[in-house]
Each structure stands twice: as structure tokens, then as C-alpha cells.
Amino acid sequence: QVQLVESGGGSVQAGGSLRLSCAASKYPFPINCMAWFRQAPDKEREGVSAIYRPSDSTFYDDSMKGRVTISQDKATNTIYLQIDALKPEDTGMYYCAADPDITTGGYCYSALMGDQAFRYWGQGTQVTVSS
């Protein structure tokens with residue numbers, strides 16, 4: 001079974017930066033689509049960013065576009081989320097997701113917008129932004 005482990009969260013002041021990591025392991029096939037989601041307290045989970053790894057195609061939700069950058073290390077099956085200019089409303093739990101059955105960049109983007117396609121999830125890493 002696939003394992004996803006997030007790290008890099010923490011408490012920062014508004015305007016600060018964080019770099020989140022998600023390491024994937026124990027999967028039967030290459031995982032082409034991986035993504036980051038977040039969930040603020042008492043709010044629904046929403047997509048933040050996704051990457052289609054074979055082509056390094058990246059996708060961003062408009063809510064954080066311009067302040068986040070998703071990247072990958074193919075050798076270690078790790079993806080990263082660099083978040084700059086953090087705001088208090090960014091506070092929440094950030095989750096890593098992956099799905100080995102997504103085979104195109106378009107499907108990867110669609111899965112980000114509607115998370116029903118992601119089969120594997122990490123436990124999350126907490127991000128707290130104070131003002």
C-alpha cells in the first residue's frame with residue numbers, strides 16, 4: 001500500500017514562508033499525479049496545487065496562486081510546496097494526496113479541482129500563521 005508522509009509545517013508570523021514536503025513510498029506503479037490540499041478549521045478541504053510528474057506540469061488553485069510553488073524530486077518520490085507571504089487565513093492542515101491511476105496532466109488538474117480521484121492521503125502537517 002502507498003504511504004505518504006508530510007512534514008515541514010509549523011507556526012509562523014504573517015508574511016513568513018514554509019516549505020512542506022511529502023514523501024511517497026510502497027507503491028506498485030509510478031505515481032504520476034500528486035497534489036496538496038488544505039483544510040482550515042470548520043471548513044471544507046480544498047485543493048492547493050498539483051503536479052503531473054512525467055512532464056513536470058504544475059497546477060494551482062487561484063486562492064494561493066502566486067504565493068505557492070510545487071516541485072518534485074523524482075529520485076526520492078518527494079513533492080514540495082513552497083508557501084510565501086503566508087496569511088492568517090492560510091492556517092490549517094495541509095495534506096498530500098496521490099493517485100497512480102491518473103495518466104494525463106488534464107486528469108491530474110481535474111482531480112485537484114475535485115479530490116474524488118485521489119486514492120491515497122497522508123496524515124497532514126499543521127500550518128499556523130499568526131498576525
Side-chain angles (χ1 to χ4, degrees):
Q1 55 184 337
V2 174
Q3 287 186 308
L4 301 174
V5 180
E6 303 99 330
S7 62
S11 298
V12 298
Q13 289 187 317
S17 299
L18 286 172
R19 188 176 188 241
L20 311 183
S21 299
C22 172
S25 63
K26 299 183 179 180
Y27 53 89
F29 302 101
I31 302 174
N32 293 329
C33 182
M34 298 181 69
W36 287 98
F37 290 79
R38 69 175 182 177
Q39 187 169 18
D42 301 318
K43 295 183 179 180
E44 295 184 354
R45 185 176 60 200
E46 62 179 350
V48 174
S49 182
I51 183 167
Y52 188 69
R53 301 176 67 220
S55 58
D56 286 306
S57 298
T58 58
F59 312 97
Y60 299 92
D61 182 78
D62 289 340
S63 64
M64 298 185 75
K65 190 173 183 179
R67 297 191 294 117
V68 297
T69 302
I70 191 170
S71 59
Q72 68 170 325
D73 183 341
K74 292 183 178 180
T76 59
N77 293 309
T78 301
I79 64 167
Y80 306 92
L81 186 71
Q82 176 73 32
I83 313 175
D84 299 315
L86 281 158
K87 304 175 181 179
E89 54 261 42
D90 294 327
T91 294
M93 190 72 72
Y94 285 70
Y95 298 93
C96 179
D99 197 311
D101 294 328
I102 296 173
T103 57
T104 69
Y107 290 149
C108 191
Y109 173 74
S110 296
L112 174 69
M113 302 304 294
D115 60 53
Q116 61 181 348
F118 288 96
R119 290 179 168 80
Y120 303 101
W121 296 82
Q123 295 299 308
T125 184
Q126 178 67 37
V127 171
T128 302
V129 185
S130 62
S131 60

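For the residue pair C108 and M34, the shortest heavy atom distance occurs at SG-N, 4.4 Å. The minimum heavy-atom distance between F118 and A35, with the atom names listed, is CZ-CB, 3.5 Å. Closest heavy-atom contact between P88 and A14: CD-CB, 4.2 Å. Residues K74 and R53 share a closest heavy-atom pair of CE-O, 3.2 Å. For Q126 against T91, the heavy-atom pair with the smallest separation is NE2-CG2, 4.1 Å. S21 and W36 make their closest contact through O-CH2, 3.4 Å (heavy atoms, listed as atom of the first residue, atom of the second, distance).
Residues V48 and Y120 share a single hydrophobic cluster, defined by chaining ILVMFWY side chains whose heavy atoms lie under 4.5 Å apart. By the rule that hydrophobic residues join a cluster once side-chain heavy atoms approach within less than 4.5 Å of another member, V5 and V2 end up as members of separate clusters.
The side-chain hydrogen bond (donor to acceptor under 3.5 Å, both in side chains) check on S17 picks up D84, with sequence neighbours excluded. Annotation: salt bridge (Lys or Arg N to Asp or Glu O under 4.0 Å) contacts of D73 (sequence neighbours excluded): none. Judged as a salt bridge (Lys or Arg N to Asp or Glu O under 4.0 Å), and not counting sequence neighbours, D61 has no contacts. Every ring-ring contact (aromatic ring centres under 6.0 Å, His included) that Y109 has, sequence neighbours left out, goes to F59. By the side-chain hydrogen bond (donor to acceptor under 3.5 Å, both in side chains) test, R19 is found to be paired with no residue, residues two or more places apart in sequence or in another chain being considered.
When each of V127, V129, T128 is paired with S11, the side chain to side chain contact (heavy atoms under 4.5 Å, CB included) condition holds for T128 and for no other.
Taken from CD1 in I51 to CG in N32, the straight-line distance is 11.0 Å, to the nearest 0.5 Å. One distance of note links CZ of R38 with OG of S49; it measures 12.0 Å at 0.5 Å rounding. Note that the CG atom of L86 and the OG atom of S130 stand 10.0 Å from one another [nearest 0.5 Å]. Atom CD1 of residue I79 and atom CG of residue L4 lie 8.0 Å apart, to the nearest 0.5 angstrom.
Using a 4.5 Å cut-off on side-chain heavy atoms (C-beta onward), L20 and E6 make no contact. Here the side chains of I31 and R119 are not in contact, with every heavy-atom distance at 4.5 Å or above. Counting heavy atoms from C-beta on, the side chains of L18 and Y94 never come closer than 4.5 Å.
Other residues, nucleotides and ligands contribute at most 12 non-hydrogen atoms within 6.0 Å of the NZ atom of K65. Residue Y107 places its OH atom among 12 or fewer non-hydrogen atoms of other residues, nucleotides or ligands, all under 6.0 Å distant.
When atom types are taken as modelled, the side chain of R67 and the backbone of A85 share a donor-acceptor pair closer than 3.5 angstrom.
Legend: disulfide bond (SG atoms under 2.5 Å apart) pairs involving residues 58-106, not counting sequence neighbours, sorted by first then second residue: C22-C96.
By the 30° and 60° cut-offs, the orientation of the rings of Y95 relative to W121 is perpendicular.
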